[in-house]
Amino acid sequence: MPRGAAWLAGLIPAGRRHTVTIDDSIGKARGGVQSADVLERHLLAVRTALAEVPAGEPTVTIGGDCAVDLAPVEAALSAYGDRLTVVWFDAHGDLNTPQSSPSGAFHGMVLRALIGDGPEGLRPARSLSADRVVLAGARSLDPGEQDLVKSRGIRHVGAEQLTEPGPLLAAVRATGAEAVYLHIDLDVLDPTVFPAVGTPEPGGVGVEELVGAVRALTDEFALAGLALTEYERTEAVAQEEAVLRRIVEGLFEADR
């Protein structure tokens, strides 16, 4: 993933780009979280970088895996408070805990941490209310995640509902949002469109559906920030880069 993140970051104008150096060591597991010590150092480094951004200014974060989005969402929540809704474009819920996770990988727990159930050392300064979350395109939820979505009032717009933006806009409006933070894990895309991710899942969206959803959201709500994550570069770089350029050009046009 570092190679994919580095290539994606190269699409951001150099004068507006800040690179956070990461520790690629394996690290130590703690409390059911793999490489917990390394993740804590990454969190501190991203928080330090974000502290240099004026409050309320939208940021674009390039991962890496979804764990990178803990600090950026935390910063957006600090700026907007209860006026913020997080739209989580992802094939997965990322709503596990260390106890429920089959892998111990924090990228499958990060949204759960953001809503207040994070492991020690990997918690936001302020938790996001679960009813201020909209899952978009999720189609591989563990049983415990499914139960949580129902019990905590997390709105869920399936990939089949993203063929046009109406259902997603309705879900975000229902949260009372004034601003949105957009988390985009590239596995929200169908693997026939873009397979270069760690955990592809069939039944995803197309590029036009994704870009159209982002444009519709940013036409109606203030953009608090955006993340692109989980690009695993392969040998088919020409095809991958063509798809990603279409996405990035569409996203930056949306943030016009």
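Hydrogens, waters and symmetry mates play no part in the numbers below; they use all other heavy atoms, side chains included. This one's a predicted model, so the numbers in the text were calculated from it and none came from an experiment.
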Next item on the list: Could you tell me which non-hydrogen atom of Arg123 sits nearest to which non-hydrogen atom of Leu70, and how far apart they are?
Entry: N-CD2, 4.3 Å
Next item on the list: Write out all pairs satisfying ring-ring contact (aromatic ring centres under 6.0 Å, His included) with one or both partners inside residues 82-108, taking only residues at least two apart or from two chains.
Entry: Trp88-His183
Checklist line | Any donor-acceptor N/O pair, Glu230 side chain to Cys66 backbone, under 3.5 Å | finding: yes
Notebook entry, point to check: According to a 4.5 Å side-chain heavy-atom criterion applied to Ile, Leu, Val, Met, Phe, Trp and Tyr, with indirect links allowed, do Tyr231 and Ile247 form part of one hydrophobic cluster?
Noted result: yes
Check: Is there a donor-acceptor pair under 3.5 Å between the side chain of Gln34 and the backbone N or O of Ala105?
Finding: no
Checklist line | Note, Leu189 side chain near Val205 side chain (heavy atom, < 4.5 Å) | finding: yes
Next item on the list: Before giving the answer on salt bridge (Lys or Arg N to Asp or Glu O under 4.0 Å), spell out for Asp187 and Arg139 the whole-Å C-alpha distance, their side-chain angles and the decisive distance to 0.1 Å.
Entry: CA-CA 10 Å; Asp187 69 18; Arg139 53 200 184 275; 5.7 Å; no
Next item on the list: Indicate yes or no: at least one non-hydrogen side-chain atom of Arg126 is less than 4.5 angstrom from one of Ser78.
Entry: no
Notebook entry, point to check: Any side-chain heavy atom of Ser151 within less than 4.5 Å of one from Asp147?
Noted result: no
Next item on the list: Evaluate side-chain contact (heavy atoms from CB on, under 4.5 Å) for Val60 paired with Leu251, printing each intermediate quantity in order.
Entry: CA-CA 10 Å; Val60 176; Leu251 296 181; over 6 Å; no
Next item on the list: Report yes if some heavy atom in the side chain of Leu168 is under 4.5 Å from a heavy atom in the side chain of Gln161; otherwise report no.
Entry: no
Next item on the list: I would like to know whether Val157 and Leu162 meet side-chain contact (heavy atoms from CB on, under 4.5 Å); could you show each step before the answer?
Entry: CA-CA 7 Å; Val157 180; Leu162 294 174; 3.8 Å; yes
Notebook entry, point to check: Do Val197 and Trp7 share a hydrophobic cluster (ILVMFWY, side-chain heavy atoms under 4.5 Å, transitive)?
Noted result: yes
Margin query: Is it the case that atom CD in Glu235 sees more than 12 heavy atoms from other parts of the structure closer than 6.0 Å?
Written below: no
Item checked: Taking every non-hydrogen atom, the tightest pair across Val243 and Val193 -> CG2-O, 3.8 Å
Item checked: Any side-chain heavy-atom pair of Arg132 and Val86 under 4.5 Å -> no
Notebook entry, point to check: Taking all non-hydrogen atoms of both residues, which atom of Ala113 and which atom of Pro124 are closest, and how far apart?
Noted result: O-CD, 3.2 Å
Notebook entry, point to check: Of the non-hydrogen atoms in Ala75 and Leu50, which two are nearest, and what is the gap between them?
Noted result: CB-CD1, 4.3 Å
Notebook entry, point to check: Going hydrophobic residue to hydrophobic residue with side-chain gaps under 4.5 angstrom, can you get from Val211 over to Val172?
Noted result: yes
Notebook entry, point to check: Given the rule in the salt bridge (Lys or Arg N to Asp or Glu O under 4.0 Å) test, do Arg173 and Glu220 qualify, once you have shown the distances and angles that lead to the verdict?
Noted result: CA-CA 9 Å; Arg173 288 177 192 136; Glu220 184 165 336; 2.7 Å; yes
Item checked: Gly203 versus Ala159, closest heavy-atom pair with distance -> O-CB, 3.3 Å
Check: Would a 4.5 Å heavy-atom cut-off, applied to side chains only, mark Leu39 and Leu43 as touching?
Finding: no
Notebook entry, point to check: Is the closest side-chain heavy-atom distance between Ser101 and Arg112 below 4.5 Å?
Noted result: no
Checklist line | Val133, Ile115, Asp117 screened by side-chain contact (heavy atoms from CB on, under 4.5 Å) with Leu95, the one that passes | finding: Ile115
Checklist line | Considering all heavy atoms, the nearest Pro72-Thr61 contact | finding: CG-OG1, 3.4 Å
Check: Under a 4.0 Å N-O cut-off, is there an ion pair linking Arg233 with Glu241?
Finding: yes
Notebook entry, point to check: Is a side-chain N or O of Asp142 found less than 3.5 angstrom from the main chain of Gly144, in a donor-acceptor match?
Noted result: no
Margin query: Just checking Glu120: does its CD atom have more than 12 heavy atoms from other residues, nucleotides or ligands closer to it than 6.0 angstrom?
Written below: no
Next item on the list: Look at the side-chain heavy atoms of Ile, Leu, Val, Met, Phe, Trp and Tyr, link any pair under 4.5 Å apart, and say whether Leu182 and Val188 land in one connected group.
Entry: yes
Next item on the list: Could you walk me through whether Glu74 and Arg47 pass salt bridge (Lys or Arg N to Asp or Glu O under 4.0 Å), step by step?
Entry: CA-CA 9 Å; Glu74 175 187 71; Arg47 281 174 170 161; 2.7 Å; yes
Note to self: Using a 3.5 Å distance criterion without hydrogens, assess whether the side chain of Ser100 forms a donor-acceptor pair with backbone atoms of Asn96.
What the structure shows: no
Margin query: Could you tell me if the side chain of Phe194 sits less than 4.5 Å from the side chain of Leu244, heavy atoms only?
Written below: yes
Note to self: For Leu122, is there any backbone N or O sitting under 3.5 Å from a side-chain donor or acceptor partner on Glu40?
What the structure shows: no
Check: Got a donor-acceptor contact below 3.5 angstrom from the Asp37 side chain to the Lys28 backbone?
Finding: yes
Note to self: Tell me whether Leu226 shares a hydrophobic cluster with Val53, the cluster being built from Ile, Leu, Val, Met, Phe, Trp, Tyr side chains joined at under 4.5 Å.
What the structure shows: no
